[in-house]
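All remarks here apply to the structure that follows.
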Amino acid sequence: MTTVEGIVLKERSVGEQDKFIDILTGESGVLEVSVKGAKKINGKSGSSTQLLAYSRFCIDKRGSYLYLNSAEPIHIFYGLRNSLTKISLASYFAEIMRFCIKPEAQNGDIMRLMLNTLHYLENGKRSEKMLKSVFELRLMSEIGYMPDIVACRGCGAYEPAELYFCIDSGGFYCADCFENDSKENYMKIKLPVLSAVRHIVLADFSRLFNFRVSDETQDRLSALAESYALTHLERSFGTLDFYKTIE
């Protein structure tokens with residue numbers, strides 16, 4: 001038997017009483033665990049295995065399968081269920097995690113990113129737009145798609161007033177160096193957007209959510225972050241499509 005702490009990313013019913021849950025952990029990536037008699041479980045044990053619950057799980061391994069022995073809740077994120085947009089956005093975060101993080105992948109920072117994002121989403125101290133941008137860009141950076149945002153690829157300018165960010169490669173050119181006949185996918189942005197991207201991908205986790213931008217900058221940042229994530233993951237997400245119909 002092993003004990004892990006993790007967040008439930010998905011529930012799937014099996015038969016009349018059982019279910020499978022996918023759990024994001026810091027030590028072992030995403031684990032698929034069978035929960036026998038799930039429909040009969042109530043109280044603390046039942047809440048511990050519901051979607052987005054952060055819990056301590058005791059797991060038995062039998063052959064190549066994992067079975068839940070017991071579970072104890074750490075934080076259930078009940079507050080997310082008071083808002084359709086919040087629970088929908090959190091479900092998108094869970095779906096993208098399930099796609100990106102493989103079994104046995106050790107990355108405590110990704111676990112911390114998920115927990116911190118859900119914390120701010122639940123308490124409402126950060127806007128949904130900001131949290132979505134932070135989550136998308138930082139996750140991409142953590143899994144190997146960090147954008148090259150140090151300087152203009154042409155002249156090395158560090159703080160151009162206007163620039164063209166390449167969604168495909170993650171680099172940028174200042175307005176003076178940019179060639180309009182490029183076949184790559186570029187987005188025109190201003191320096192405040194670049195500064196926000198730099199903070200998101202480079203800041204220590206203790207300061208990751210500590211920044212503010214104007215509404216105009218946030219709108220552009222949101223468009224860039226979403227486009228960058230979906231382009232590099234090469235797919236769409238149903239939970240994101242639904243969230244965008246209700247935001």
Side-chain angles (χ1 to χ4, degrees), residues 3-13 19-33 35 38-39 41-59 66 68 70-101 105 107-139 142-143 200 205-210 222 225-226 229 237-247:
T3 300
V4 298
E5 293 183 1
I7 307 168
V8 178
L9 300 181
K10 186 168 183 174
E11 305 172 88
R12 298 185 302 285
S13 295
K19 70 177 180 180
F20 282 103
I21 56 176
D22 293 338
I23 306 170
L24 173 68
T25 71
E27 304 83 6
S28 304
V30 175
L31 303 177
E32 182 183 66
V33 179
V35 183
K39 303 297 176 60
I41 298 175
N42 52 34
K44 289 185 176 180
S45 295
S47 62
S48 300
T49 62
Q50 68 183 10
L51 179 66
L52 301 174
Y54 175 44
S55 307
R56 186 173 294 107
F57 302 93
C58 292
I59 298 171
L66 301 177
L68 184 70
S70 63
E72 177 184 4
I74 299 173
H75 190 86
I76 306 300
F77 293 106
Y78 282 123
L80 295 176
R81 289 165 173 77
N82 296 328
S83 165
L84 181 58
T85 58
K86 286 184 178 182
I87 192 65
S88 299
L89 183 56
S91 297
Y92 165 56
F93 295 155
E95 185 180 10
I96 200 171
M97 279 288 190
R98 286 182 59 247
F99 178 75
C100 292
I101 311 305
N107 196 323
D109 285 343
I110 287 178
M111 178 79 158
R112 186 176 179 183
L113 174 64
M114 186 69 170
L115 283 172
N116 288 356
T117 305
L118 293 181
H119 165 74
Y120 283 113
L121 183 60
E122 181 182 44
N123 67 29
K125 292 185 178 180
R126 299 291 187 275
S127 72
E128 292 179 16
K129 283 187 175 182
M130 174 200 175
L131 293 174
K132 180 173 173 291
S133 299
V134 171
F135 182 86
E136 289 166 335
L137 284 175
R138 188 59 175 242
L139 178 61
E142 293 291 337
I143 64 174
I200 292 170
F205 265 96
S206 63
R207 299 187 302 107
L208 179 57
F209 297 89
N210 296 338
S222 296
E226 179 180 307
F237 295 88
T239 48
L240 174 61
D241 294 338
F242 177 74
Y243 174 72
K244 291 169 72 172
T245 67
I246 61 173
E247 64 174 322

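Between I101 and N107 the shortest side-chain heavy-atom distance does not fall below 4.5 Å. Side-chain contact between F99 and V30 is absent, with no heavy-atom pair separated by less than 4.5 Å. F77 is listed as a side-chain neighbour of L115, based on a closest heavy-atom distance under 4.5 Å.
Heavy atoms only, all atoms of each residue included: V134 and I200 are closest at O-CG2, 3.8 Å. Taking both residues in full, the closest heavy atoms of D241 and T245 are given as O-CG2, 3.2 Å, listed atom of the first, atom of the second, then distance. When all heavy atoms of S47 and A53 are compared, the pair lying nearest together is O-CB, 3.4 Å. Closest heavy-atom contact between S48 and A71: CB-CB, 3.6 Å. Contact between L137 and A225 at its shortest, heavy atoms only, is CG-CB, 3.7 Å. When all heavy atoms are compared, the tightest approach of T85 to Y243 is O-CE1, 3.4 Å.
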**Prompt:** Do T49 and V33 pass the side chain to side chain contact (heavy atoms under 4.5 Å, CB included) test, and can you show the C-alpha distance, the side-chain angles, and the key distance before you say yes or no?
**Reply:** CA-CA 10 Å; T49 62; V33 179; over 6 Å; no

**Asked** Could you go step by step and tell me if Q50 and I76 meet the side chain to side chain contact (heavy atoms under 4.5 Å, CB included) rule?
**Response** CA-CA 8 Å; Q50 68 183 10; I76 306 300; 2.9 Å; yes

**Request:** Could you please spell out the steps behind the side chain to side chain contact (heavy atoms under 4.5 Å, CB included) verdict for T117 and L113?
**Result:** CA-CA 6 Å; T117 305; L113 174 64; 3.8 Å; yes

**Prompt:** Hey, mind stepping through K244 and E226 against salt bridge (charged side-chain N to carboxylate O under 4.0 Å, His left out) and telling me if it holds?
**Reply:** CA-CA 12 Å; K244 291 169 72 172; E226 179 180 307; 2.8 Å; yes

**Asked** For E72 and T3, what are the C-alpha separation, side-chain angles and deciding distance, and is it a side chain to side chain contact (heavy atoms under 4.5 Å, CB included)?
**Response** CA-CA 11 Å; E72 177 184 4; T3 300; over 6 Å; no

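Side-chain contact check for N210 and R126: at least one donor-acceptor pair (N or O, by modelled atom type) lies under 3.5 Å.
In this structure Y120 satisfies the ring-ring contact (aromatic ring centres under 6.0 Å, His included) test together with F209, sequence neighbours excluded.
Taking CG of N123 as the reference point, atom CG of L118 lies at 11.0 Å (rounded to 0.5 Å). Going from atom CE of M111 over to atom CE of M114 covers 9.5 Å, rounded to the nearest 0.5 Å. How far OG of S83 is from CD of E128: 5.5 Å, rounded to the nearest 0.5 Å. Atom CZ of F135 sits about 9.0 Å away from atom CG of L89, to the nearest 0.5 Å. Here the NZ atom belonging to K125 is positioned 13.0 Å from the CG atom belonging to L131, to the nearest 0.5 angstrom. E95 CD to L240 CG: the interatomic distance, rounded to the nearest 0.5 Å, is 8.5 Å.
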For residues 6-13, which side-chain donor-acceptor pairs fall under 3.5 Å, sequence neighbours excluded?
residue	atom	partner	partner atom	Å
E11	OE1	K19	NZ	2.6
E11	OE2	L51	N	3.1
R12	NH1	D22	OD1	3.3
R12	NH1	D22	OD2	2.9
R12	NH2	E32	OE2	2.4

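Here the side chain of E136 pairs no donor or acceptor atom with the backbone of A229 at under 3.5 angstrom. Remark: the backbone N or O of I110 is not paired with any side-chain donor or acceptor of E142 at under 3.5 angstrom.
A cation-pi contact, defined as under 6.0 Å to the ring centre and within 45° of the axis, links R138 to F205.
Just one residue in the list E5, H119, H75 forms a side-chain hydrogen bond (donor to acceptor under 3.5 Å, both in side chains) with Y54, and that residue is E5.
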